[in-house]
Amino acid sequence: VKLWEKSLIAKIAVKWGVPNTNNEQMAYELKGLTGGILLLRNKFYIILYRGKDFLPQTLTSSIVKRELELRKCQVVEEDARIRAFERLAVANEPLAKTCTMGTLSEFIKIQTDFQEQRRGVGEVNVRLLAEIERLDKLLRKEGRRLFILNGKMRGSAKQLSKLNSGWRPAKEETDQEMMTEEDKECLRKIGLKMNSSLLLGRRGVFDGVIEAMHQHWKHREVVKVISMQRAYPQVIRTAKLLEAETGGILVSVDKLKDGHCIIIYRGKNYKRPVKLSTEHLLTKRKALLQSLEMQRFGSLKFFTNQKQRKISDLQLKQAELKDQLGQ
């Protein structure tokens, strides 16, 4: 306490290794005895903050002394008033029925009557104000986090648009070979029985996939592509993209135990291109960066929506508490 008169905090060193000592218990007892705020506790130090309501010992003694003097003055004034009233009082009127307006006894009676009521209302208001202040602090914290997430989303969208600008998908051919349903069913059965297949990873469709499909068509008429995408519309989009990029014919899209199977026929008039790699598709490295950036953008969008929902709930709760405080 003497240290708090010179400084805002008190730093207490704990002798480490002494048996039968518990720094957590010591910190709890010091906090209860001094009325301070515990800032830090570890096996080496205990740091206590004196708080904004701390008064030095000299100032406390001066306040107590002043209150005692004021109480003595009130008692002297009350005794003088009673003696003066006894001299001027009517003989037949009893002293108990006299008016106590403006006296010390009236002041003490008012304090006694309304002390509990004032304490109860004050405690409720203090709790509401503390809760509103806590929600306000939490709103500022969540708003700051939402601002950071929005900045990251803008950066991720900019990077994603930059990667997508280097990818120009080919247009679908309108003049394709005509195939009957019997031919498609026959090619589908052949493709499902094939052991060799091409697996599409997280990179999706890039120049290496198109080159590998042409390598498959060098020895076989159909190619079986395994896609691990879960949503069926995404699988159809990938199949249409492979059909447009390679110039083949989409035979079928079948659901497997793990993923989907895309079977593409090379066509009767297939001619192996001189240059297998395509310049308008992404490379293997850029396709991986695009996949990672899309995953990152999706995660940021999900957490941003969560933060916005949480902020809305906190604002609604704060408005309800302010209404209670106003009533």
Side-chain angles (χ1 to χ4, degrees), residues 159-298:
Q159 184 69 19
L160 196 57
S161 62
K162 184 178 178 181
L163 289 171
N164 290 334
S165 62
W167 174 63
R168 299 183 301 277
K171 296 181 180 179
E172 296 184 5
E173 294 184 4
T174 57
D175 187 14
Q176 287 186 344
E177 294 183 20
M178 298 298 295
M179 291 184 64
T180 61
E181 295 296 330
E182 290 80 6
D183 294 337
K184 286 187 177 182
E185 184 64 24
C186 182
L187 292 173
R188 173 179 172 273
K189 290 180 180 180
I190 293 173
L192 290 175
K193 290 179 181 179
M194 289 173 56
N195 293 326
S196 60
S197 62
L198 181 62
L199 181 64
L200 277 182
R202 67 176 302 164
R203 293 177 177 86
V205 180
F206 60 98
D207 55 357
V209 175
I210 307 301
E211 183 178 353
M213 289 181 68
H214 285 292
Q215 291 291 347
H216 275 74
W217 280 340
K218 185 178 180 180
H219 306 284
R220 305 171 187 85
E221 291 185 346
V222 294
V223 59
K224 182 169 71 171
V225 182
I226 305 297
S227 175
M228 304 305 294
Q229 293 173 329
R230 297 181 180 178
Y232 189 73
Q234 292 182 357
V235 180
I236 295 297
R237 181 175 177 274
T238 303
K240 293 291 185 182
L241 181 60
L242 289 173
E243 182 184 18
E245 294 293 340
T246 58
I249 301 172
L250 179 62
V251 175
S252 67
V253 177
D254 298 297
K255 180 72 173 69
L256 299 178
K257 185 178 179 180
D258 295 326
H260 292 80
C261 175
I262 303 172
I263 298 174
I264 301 177
Y265 174 52
R266 70 182 183 182
K268 296 178 181 179
N269 301 324
Y270 171 72
K271 291 182 180 180
R272 182 179 173 84
V274 179
K275 189 176 181 181
L276 297 179
S277 61
T278 55
E279 296 180 355
H280 61 278
L281 290 178
L282 297 177
T283 60
K284 186 177 181 180
R285 177 186 176 86
K286 289 185 178 180
L288 178 61
L289 292 176
Q290 184 191 33
S291 175
L292 293 173
E293 202 63 40
M294 288 178 65
Q295 183 181 4
R296 180 170 179 263
F297 183 78

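Note that the CD1 atom of I263 and the CD1 atom of I249 stand 14.0 Å from one another [nearest 0.5 Å]. Note: E243 CD to L241 CG = 10.5 Å, rounded to the nearest 0.5 Å. Of the inter-residue distances, the one linking L163 atom CG with M294 atom CE reads 10.5 Å to the nearest 0.5 angstrom. From E211, atom CD reaches atom CZ of F206 across 9.5 Å, with rounding to the nearest 0.5 Å. Separating the OH atom in Y265 from the OG1 atom in T246 is a distance of 13.0 Å, to the nearest 0.5 Å. Considering OG of S197 and CD1 of I262, their distance stands at 11.5 Å, rounded to 0.5 Å.
Remark: M179 CE is packed, more than 12 non-hydrogen atoms of other residues, nucleotides or ligands lying under 6.0 Å away. At most 12 non-hydrogen atoms from other residues, nucleotides or ligands lie less than 6.0 angstrom from NZ of K268.
The shortest non-hydrogen separation linking L198 to A212 is CD1-CB, 3.8 Å. Of all heavy-atom pairs spanning W217 and V222, the tightest one is NE1-C, 3.9 Å. Summarising the geometry of A239 relative to I264, their closest heavy-atom pair is O-CD1, 4.5 Å, with the distance given to 0.1 Å. Shown here for R272 and Q215, the closest heavy-atom pair between the two residues is NH2-NE2, 3.2 Å.
Side chains of L242 and L250 form no contact here, defined as non-hydrogen atoms less than 4.5 Å apart. Contact of the R220 side chain with the S196 side chain is registered, since non-hydrogen atoms from C-beta on lie closer than 4.5 Å.
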Listing, residues 282-293 side-chain donor-acceptor contacts under 3.5 Å, not counting sequence neighbours, or none:
{"unit_1": "T283", "atom_1": "OG1", "unit_2": "K286", "atom_2": "N", "d": "3.4"}
{"unit_1": "Q290", "atom_1": "NE2", "unit_2": "N164", "atom_2": "OD1", "d": "2.5"}
{"unit_1": "S291", "atom_1": "OG", "unit_2": "R202", "atom_2": "O", "d": "2.9"}
{"unit_1": "S291", "atom_1": "OG", "unit_2": "R202", "atom_2": "NE", "d": "3.2"}
{"unit_1": "E293", "atom_1": "OE2", "unit_2": "S156", "atom_2": "OG", "d": "2.9"}
{"unit_1": "E293", "atom_1": "OE2", "unit_2": "R296", "atom_2": "NH1", "d": "3.2"}

Side-chain donor-acceptor contacts of residues 224-231 below 3.5 Å, not counting sequence neighbours, with atom names and distances?
{"unit_1": "K224", "atom_1": "NZ", "unit_2": "M194", "atom_2": "O", "d": "2.7"}
{"unit_1": "S227", "atom_1": "OG", "unit_2": "Q229", "atom_2": "N", "d": "3.4"}
{"unit_1": "S227", "atom_1": "OG", "unit_2": "Q229", "atom_2": "OE1", "d": "3.4"}
{"unit_1": "Q229", "atom_1": "OE1", "unit_2": "T238", "atom_2": "OG1", "d": "3.0"}
{"unit_1": "Q229", "atom_1": "NE2", "unit_2": "T238", "atom_2": "OG1", "d": "3.4"}

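Note on ring orientation: taking the six-membered ring where Trp is involved, the planes of H260 and Y232 are tilted (angle from 30° to 60°).
Judged purely by atom type and a 3.5 angstrom limit, R188 has no side-chain atom pairing as donor or acceptor with the backbone of S252.
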